[in-house]
Amino acid sequence: MPLLQVLRPTLPILIGASIMLTLSMGLRQSLGIFMQPLTHDIHISISDFTLALAVQNLAWGFLQPPAGALTARYGFRPIMIAGALMYIAGLALMATANGLVSIMIGAGVLIGTSLACTAAAIAMSVAARAVPETVRSTVLGIVSGAGSLGALLSAPIGQMLNEGFGWRIGLAGFVIMSVLMIPAAWYAGRVDRIPLPKPAADEIDDATAAAAARTAFGNASFVVMTCAYLVCGMQLVFLTTHLPSYLAICGLDPMLSAQTLGMIGGFNVLGSLFFGWAGQRWNKLALLGGIYILRSLALAWYFMLPATPFSTLLFGAIMGFLWMGVGPLVAGAVAEMFGLRWQAMIQGLAFMSHQIGSFLGAYGGGVLYDALGSYTMAWRIGVALGLAGGIVQVAFALIRPSQPPSPVLRTA
């Protein structure tokens with residue numbers, strides 16, 4: 001049966017989830033555009049700004065499991081709409097900020113909490129529930145790819161507003177764009193009407209939240225995936241936060257940073273589609289490790305050479321292809337190992353590790369730059385940890401394929 005025919009009944013849900021994801025991720029990934037003018041205007045340091053983004057990532061990571069658990073109890077719609085409202089409030093507070101406290105609350109706490117309710121873990125869980133298992137990985141790749149368009153649109157828009165009217169107007173434009181998350185979340189929330197499929201014998205749908213968490217951390221494949229996920233967050237948030245500043249130091253056109261983030265967003269679509277398709281056919285965890293290794297090699301190549309517009313855009317294309325492809329692979333692996341009921345929560349548990357890495361990438365990169373006056377040490381650390389994490393992930397996935405949950409814990 002053609003894929004479109006299979007998906008037609010749930011297209012409003014999938015489109016809503018994709019739009020919500022593309023706005024929540026795209027706007028957040030483009031905040032680095034405003035770092036230089038914002039910090040200069042309100043007299044805070046680069047490390048102050050990156051500390052706010054680090055708080056955002058920690059709030060997102062540590063609130064993701066509770067947000068996922070709440071969707072199992074109250075449904076997806078109220079959680080996603082609440083997250084959309086917090087996103088709007090956070091951007092509005094940033095746009096009117098006059099000091100560090102407003103940036104910390106707006107960019108850090110509010111947007112971080114919102115992402116736990118609107119970003120990849122929730123959107124992927126919505127998509128996974130809405131479609132049959134036979135096409136799940138492919139559909140997760142499509143939703144992830146559609147969700148990648150946000151940076152392609154928001155980065156150039158934000159940069160044009162920033163250059164033409166100032167950073168406050170640029171952030172005000174982001175506020176207007178974020179309002180669209182509310183209807184998107186409403187339509188995606190139709191997934192609450194779809195009943196969960198009958199659980200298989202090796203799934204944990206009947207477990208409590210605590211028992212589901214214990215089951216997840218008792219699964220060696222999940223633990224290795226979670227640990228390797230840390231380097232993913234560290235590498236990606238280091239780039240979205242510090243690449244505009246790095247290009248400015250190199251004396252390149254400020255619009256190049258927006259173009260590069262847009263290039264990342266565009267190639268995100270291709271990478272997400274490819275890895276969604278590949279995850280339907282090959283070992284998802286081994287593919288994850290391969291992504292980490294290739295990203296690390298790309299980072300080493302780019303930062304070892306003098307930055308030019310061509311090399312920067314090519315680097316953005318490579319990293320974009322390897323960026324959001326982790327989304328369908330992680331979501332698909334969690335659904336395969338543990339079922340759908342607790343997918344958002346368990347994926348959130350893995351995502352906590354990702355966000356600890358994001359904290360290190362955002363704040364650690366700022367601290368190293370303030371201390372050393374360059375990003376050399378930061379990217380070297382990112383490359384070394386990325387290669388180590390990727391190699392361990394691939395080796396473990398091939399030597400010890402993922403195992404179903406323990407029946408004892410499943411019925412706890």
Side-chain angles (χ1 to χ4, degrees), residues 21 24-25 55-74 76 79-80 83 112-129 140 144 196 199 202-234 236-237 284-285 288-289 292 324 326-361 389 392-393 396-397 402-406 408-410 412:
L21 177 61
S24 66
M25 292 298 291
V55 169
Q56 174 196 110
N57 284 292
L58 286 182
W60 181 9
F62 284 93
L63 293 175
Q64 187 70 78
L70 288 173
T71 63
R73 181 170 183 178
Y74 298 109
F76 284 94
I79 304 304
M80 293 187 295
T113 304
S114 170
L115 288 164
C117 303
T118 59
I122 299 296
M124 291 296 183
S125 297
V126 167
R129 182 180 295 194
L140 290 175
S144 179
L196 285 165
D202 60 354
E203 293 181 358
I204 57 173
D205 290 49
D206 295 332
T208 64
R214 289 196 301 271
T215 300
F217 285 112
N219 186 302
S221 296
F222 175 80
V223 171
V224 171
M225 181 189 77
T226 298
C227 293
Y229 213 10
L230 182 143
V231 300
C232 175
M234 182 179 63
L236 298 191
V237 174
K284 294 178 177 62
L285 300 182
L288 276 174
Y292 303 153
M324 288 286 283
V326 300
L329 296 176
V330 171
V334 170
E336 285 179 359
M337 287 189 277
F338 307 109
L340 294 178
R341 178 172 175 79
W342 298 106
Q343 180 189 356
M345 186 194 75
I346 294 175
Q347 194 172 333
L349 293 172
F351 195 66
M352 288 172 62
S353 173
H354 181 283
Q355 293 310 93
I356 292 172
S358 297
F359 176 91
L360 296 173
V392 170
Q393 176 71 85
F396 193 88
S402 59
Q403 298 295 321
S406 163
V408 175
L409 288 175
R410 186 180 69 85

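Keep in mind that this is a model prediction, so the values were computed, not measured. Quick note: numbers below take in every heavy atom, side chains included, and nothing from hydrogens, waters or symmetry partners.
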Report the distance from atom CG of L349 to atom CZ of F62, rounding to the nearest 0.5 Å.
11.0 Å
Smallest separation among heavy atoms of A67 and C117, with atom names:
CB-SG, 4.4 Å
Could you tell me which residues satisfy ring pair (Phe, Tyr, Trp, His ring centres under 6.0 Å) with F217, sequence neighbours excluded, listed by chain and number?
F222
Begin with the C-alpha distance, continue with both residues' side-chain angles, and end with the deciding distance and a verdict on side-chain contact (heavy atoms from CB on, under 4.5 Å) for V126 and M80.
CA-CA 11 Å; V126 167; M80 293 187 295; 4.1 Å; yes
Is the shortest heavy-atom distance from the side chain of L285 to the side chain of S221 under 4.5 Å?
yes
Any chance the side chains of Q64 and W60 put a donor and an acceptor closer than 3.5 Å?
yes
Minimum heavy-atom distance M352-P65, with the two atoms named:
SD-CG, 3.5 Å
Between P66 and L63, which heavy-atom pair has the shortest distance, and what is it?
CD-O, 3.2 Å
Minimum heavy-atom separation for V231 and A228, please, with both atom names.
CG2-O, 3.0 Å
Nearest-0.5 Å distance that lies between atom CG in L21 and atom OG1 in T118
8.0 Å
State the CD1-CD1 distance between I79 and I122, to the nearest 0.5 angstrom.
7.5 Å
Qualifying residues under side chain to side chain contact (heavy atoms under 4.5 Å, CB included), relative to L329, sequence neighbours excluded:
F275, K284, L287, L288, I291
For M225 and A333, work out which heavy atoms get closest and say how close.
SD-CB, 4.4 Å
Would you say the side chain of M124 lies within less than 4.5 Å of the side chain of V330, judging by non-hydrogen atoms?
no
Which heavy atom in A350 sits nearest to a heavy atom in Y229, and how many Å separate them?
O-CD2, 3.4 Å
